[in-house]
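Working notes for the structure below.
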Amino acid sequence: MKTPIDLRSDTITQPTPAMRQAMAEAPVGDDVFGEDPTIRRLERETAEALGKPAALFMPSGTMTNQVALRTHTEPGDEVVLDADSHIYFYEAGAPAALCGVMCRLLPGRRGIFTAGELRAALRPVDVHCPRTKLVCVENTHNRGGGSIWPIEQIAEVAEAARHAGLKLHMDGARLWNASVATGIPESRYASYFDSVSVCFSKGLGAPVGSALAGSEEFIARARRFRKMFGGGMRQGGIIASGALHGLRNHRARLADDHANARALAQALAAMPGVELDLADVETNIVIFRVRSMPADALVAKLKDAGVLVLAMGAERVRAVTSLMVDAADIDEAIAILKHQMTSTK
Ligand SMILES: Cc1ncc(COP(=O)(O)O)c(C=O)c1O
């Protein structure tokens, strides 16, 4: 059977032959002793890309986010974030279970909230209230459909947070995509935040790996929580090497993923029974509403026809482009989608 065209996520990427080669040849050491040269190099190059003094390698984006939350807060503190954010929605309750923090949710639009909404959520300093410590921003926003935070809006939110004495963390799992789409360097986005997490295992195509960046002092404290959360690895350079290869070689090509997502979105917008605003497709994630059948029915039909996508609730479907699909695959997926949207079987 033909390999399906997999549009479920950019996390399904397989390492390229060159990436596998780099991983096979990586010099390694015990990273808990600080002796893995490949991890050190990856941390240095990531910190440089983000314009931060230091960075810390971890196995997953969930761990980098949760270590960030734990490092910025103490149990009983409050974190303010968008209601659809990955940290709140998809990290298995870790803010409560691992960090002991309360989440205060803001009603963002496609994951993006305003400085006014943040200000309205601030609490008085009062013995009755939790102490608000941290504001989180997700850029690009996953459930928001790969939406990009306007840099001016980040600046306004950061200003409001600083004025209230709060710290700022950016979940930049797909910050690389935001930078390629806007031309605004990652370091400029990062300059508004005390800490930033980034992933190598999504659009950059590495099999494993994320990093948390911040000040030397912040990263030294984070290192302790990484150990506590079970993320201290030994000869992790094998996987860090895949991440380093992705960081060095796969950033610019994200533009191809964005072009493929746009082509798919344009075709979808013209199909009967599909609702999609093209202005909402900014990077590599396409979310559309299906009017003619339940989302899971379309997902099942497409699977049988060789295209994999995900249902997001009863009416919405998500398709994500990555280095596993090229323009020809997208053309084929469009033809299959057209057929499934119009066939009655
Ligand atoms: C925005 C965002 N943050 C964090 C993560 C978590 O990454 P991981 O799956 O490596 O834990 C994801 C994963 O999809 C994500 O989309």
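Ligands are counted one by one from 1 in listed order, and the atoms in each one are counted from 1 as well. Just so you know, these numbers use all the heavy atoms, side chains as well, and skip hydrogens, waters and symmetry mates. Not measured: the values here are computed from a predicted model.
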SB check D296 K303 (cutoff 4.0 Å): no
Selection from K202, R174, E91 by shortest heavy-atom distance to atom 9 (O) of ligand 1: K202
E156/R119 ion pair, N-O < 4.0 Å: no
Atom 15 (C) of ligand 1 [closest protein heavy-atom partner, distance rounded to 0.1 Å]: H86 CD2, 3.2 Å
Distance filter under 4.0 Å to S60 heavy atoms, resulting ligand 1 atoms: 10 (O), 11 (O)
H245 and H250 aromatic centres sub-6.0 Å: yes
Donor-acceptor side-chain pairing of Y189 and T182 below 3.5 angstrom: yes
Partner of D194 by salt bridge (Lys or Arg N to Asp or Glu O under 4.0 Å), out of R162, R221, K52: R162
N65, portion touching ligand 1 at heavy-atom distance under 4.0 Å: side chain
Nearest-contact summary for atom 11 (O) of ligand 1 - protein heavy atom, Å: T62 OG1, 2.6 Å
Test log, rule ring-ring contact (aromatic ring centres under 6.0 Å, His included), inputs F113 and W149: CA-CA 9 Å; F113 54 84; W149 273 74; 5.0 Å; yes
Minimum-distance protein heavy atom relative to atom 3 (N) of ligand 1: D171 OD2, 2.7 Å
Short N or O distance, S210 and ligand 1, threshold 3.5 Å exclusive: no
Side-chain H-bond candidate by donor/acceptor type, R318 with N142, under 3.5 Å: yes
Residue and atom name of the nearest protein heavy atom (relative to atom 1 (C) of ligand 1), distance in Å to one decimal: E138 OE2, 3.2 Å
Protein heavy atom at shortest distance from atom 10 (O) of ligand 1: G61 N, 2.8 Å
